[in-house]
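Structure below; questions to follow.
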Amino acid sequence: MPSQPVAFFTQANTFSELWPAVRSRISAVRRNGKYSHGLAVAELEKALAEYTGAKYAIGVNSGTDALVVALRAAGLEPGDEVIVPAFSFIASASAVVLAGGRPVFADIEDDGYGLDPVAVAAARTTRTRFVMPVHLFCQPADLAGLNAVAMAHGLTVIEDSAEAIGMRYAGRHAGLSGAAGVLSFFPTKTLGALGDAGAVLTDDPRIAETADALRHHGRFGRTLANFPAISTATGLPGLNSKMDDIQAAVLLTKLPRLEQDIARRAKLAGLYTDQLTGVPGIHKLPSVGHRGAEVRGVWYVYVIEVDRRDELAAYLAARGIGTEVYYPVPLHLQPCFAGHHHRAGDFPNAERACLRTLALPLYPDLTEHEVTHVCRTILEFAERTR
Ligand SMILES: *Cc1c(COP(=O)(O)O)cnc(C)c1O
């Protein structure tokens with residue numbers, strides 16, 4: 001078979017198709033003259049609230065900042081502990097530090113990638129005030145279990161739903177089962193901008209009001225006269241985390257296609273699952289459901305668990321097929337958290353996920369033919385290394 005490169009991610013075709021519409025929306029921003037925190041941002045916030053069912057959607061400049069803003073708006077104070085999964089993107093934990101809190105790591109479930117409610121209960125101390133479920137890849141975390149633990153111990157739930165636009169759990173959009181959640185519009189996400197952007201989702205008017213001020217230097221009201229310290233005792237100032245109107249214009253153009261893109265991703269994911277079922281060396285194929293819960297999963301990435309992960313990734317790379325390891329090092333073993341004094345072995349499920357998981361190409365521009373080619377190449381590797 002001739003070698004056929006397959007990008008890990010591209011949205012070149014999507015953007016060429018949408019370009020006339022994107023351009024006219026960006027021209028409207030130019031004519032309107034307000035390039036940051038302007039009319040397009042307000043229109044996007046309204047559209048996001050409608051799409052997700054959130055009472056409030058607050059546009060900020062990244063998913064990471066959305067987490068920082070959500071934690072602080074929900075009342076985090078310096079030194080408060082936030083339980084986060086040991087397996088996630090670094091931002092789940094770094095946002096806690098940036099907000100003035102202390103991340104406390106807990107293991108994920110042995111049959112999924114979400115926080116294990118039992119581990120959360122065990123990690124709790126007298127200083128724990130928050131828990132942060134993260135919805136990774138295509139499947140929601142166990143929100144029923146985690147909300148029950150949070151309720152029993154008086155913890156506030158802030159969901160890292162950065163990857164989870166379109167995902168629903170028990171009838172609610174991701175990010176809306178606790179006090180607040182977030183969205184990331186980083187270009188590779190399911191709804192990706194032409195740069196960085198993010199949003200806070202909440203139904204709580206006080207969190208929404210504080211988040212609105214926090215992203216804008218802590219400004220309440222319309223003047224630059226009054227900057228009260230946000231979050232009672234802390235005296236911490238606000239951020240500059242406003243959203244660019246050009247990003248809002250791009251997202252407003254893409255949002256009407258989101259459901260179509262989600263369906264396309266599901267179709268391609270199904271094709272992977274059909275062709276990879278039973279391939280030797282694959283421990284686990286992904287699935288969207290979560291044990292009995294009423295769930296609508298969204299295929300942000302297609303992640304398999306394999307033996308000899310790095311060899312397989314190198315084999316595919318040598319044939320021009322892009323893959324990605326989300327995430328190679330668990331958070332508790334990241335150098336920036338060395339002060340937490342964790343050791344390898346502390347969170348075995350997270351560590352196993354770091355060793356075995358491999359994300360395959362999955363995006364609306366990918367063709368069925370390319371998926372089949374990736375699967376055949378994986379099968380070829382499995383046969384050669386048997
Ligand atoms: C992408 C992502 C973030 C951060 O979003 P940015 O917009 O890149 O700052 C946070 N958490 C998770 C789980 C993510 O995947």
Side-chain angles (χ1 to χ4, degrees), residues 8-9 11 41 44 48 57-72 82-99 101 103 105-106 108 112-115 130-141 143 146 157-167 174-175 178 180-201 211 214-215 239-244 247-248 250-251 254 265 286 297-303 324-331 334 336-337 350 353-354 357 359 362-363:
F8 177 67
F9 178 79
Q11 49 181 340
V41 173
L44 177 68
L48 288 172
I58 297 108
V60 294
N61 72 12
S62 70
T64 305
D65 271 12
L67 285 171
V68 175
V69 167
L71 287 163
R72 286 185 57 188
V82 182
I83 298 178
V84 301
F87 182 66
S88 185
F89 183 51
I90 188 76
S92 306
S94 55
V96 172
V97 178
L98 292 168
F105 301 107
I108 57 170
Y113 303 110
L115 261 180
F130 292 86
V131 57
M132 186 189 287
V134 185
H135 310 301
L136 288 183
F137 308 148
C138 64
Q139 190 183 64
L143 287 173
L146 293 166
V157 174
I158 301 290
E159 288 171 63
D160 181 348
S161 39
E163 296 182 4
I165 194 162
M167 204 179 268
V182 303
L183 296 173
S184 166
F185 307 115
F186 184 74
T188 62
K189 298 279 155 83
T190 304
L191 180 64
L194 260 182
D196 281 292
V200 175
L201 300 178
L214 265 170
R215 67 173 162 178
L239 317 173
N240 174 10
S241 185
K242 301 186 290 296
M243 188 192 274
D244 284 357
Q247 298 311 335
V250 171
L251 293 167
K254 289 179 87 187
R265 287 167 174 275
V298 168
W299 293 93
Y300 163 53
V301 284
Y302 191 95
V303 172
E324 191 72 62
V325 175
Y326 298 111
Y327 304 94
V329 178
L331 297 183
Q334 287 288 353
C336 61
F337 296 122
C354 288
T357 50
L362 185 73
Y363 42 91

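Note that ligands are numbered from 1 as they come in the structure, with each ligand's atoms numbered from 1 the same way. Side-chain atoms are counted along with the backbone in the values below, which use heavy atoms only and exclude waters and symmetry mates.
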Only counting residues at least two apart or in another chain, list the ones meeting ring-ring contact (aromatic ring centres under 6.0 Å, His included) with Tyr363. Phe9
With distance as the sole test, does Glu159 use its side chain to make a donor-acceptor pair with the main-chain N or O of Gly181 at under 3.5 Å? no
Expected output: side-chain Lys254 to main-chain Ala193 donor-acceptor under 3.5 Å: no
Residues two or more places apart in sequence or in another chain: which of them pass ring-ring contact (aromatic ring centres under 6.0 Å, His included) with Tyr302? Tyr272, Trp299
Which of parallel (below 30°), tilted (30 to 60°) and perpendicular (above 60°) describes Phe87 and Tyr113? tilted
Give me the pairs of N or O atoms, one from ligand 1 and one from the protein, that sit under 3.5 Å apart.
{"residue": "ligand 1", "atom": "5 (O)", "partner": "Ser184", "partner atom": "OG", "Å": "3.3"}
{"residue": "ligand 1", "atom": "7 (O)", "partner": "Gly63", "partner atom": "N", "Å": "2.7"}
{"residue": "ligand 1", "atom": "7 (O)", "partner": "Ser184", "partner atom": "OG", "Å": "2.7"}
{"residue": "ligand 1", "atom": "9 (O)", "partner": "Gly63", "partner atom": "N", "Å": "3.3"}
{"residue": "ligand 1", "atom": "9 (O)", "partner": "Thr64", "partner atom": "N", "Å": "2.8"}
{"residue": "ligand 1", "atom": "9 (O)", "partner": "Thr64", "partner atom": "OG1", "Å": "2.5"}
{"residue": "ligand 1", "atom": "11 (N)", "partner": "Asp160", "partner atom": "OD1", "Å": "3.2"}
{"residue": "ligand 1", "atom": "11 (N)", "partner": "Asp160", "partner atom": "OD2", "Å": "2.7"}
{"residue": "ligand 1", "atom": "15 (O)", "partner": "Glu163", "partner atom": "OE2", "Å": "2.6"}
{"residue": "ligand 1", "atom": "15 (O)", "partner": "Lys189", "partner atom": "NZ", "Å": "3.1"}

Residue set satisfying ring-ring contact (aromatic ring centres under 6.0 Å, His included) with Tyr300, at least two apart, ordered chain then number -> none
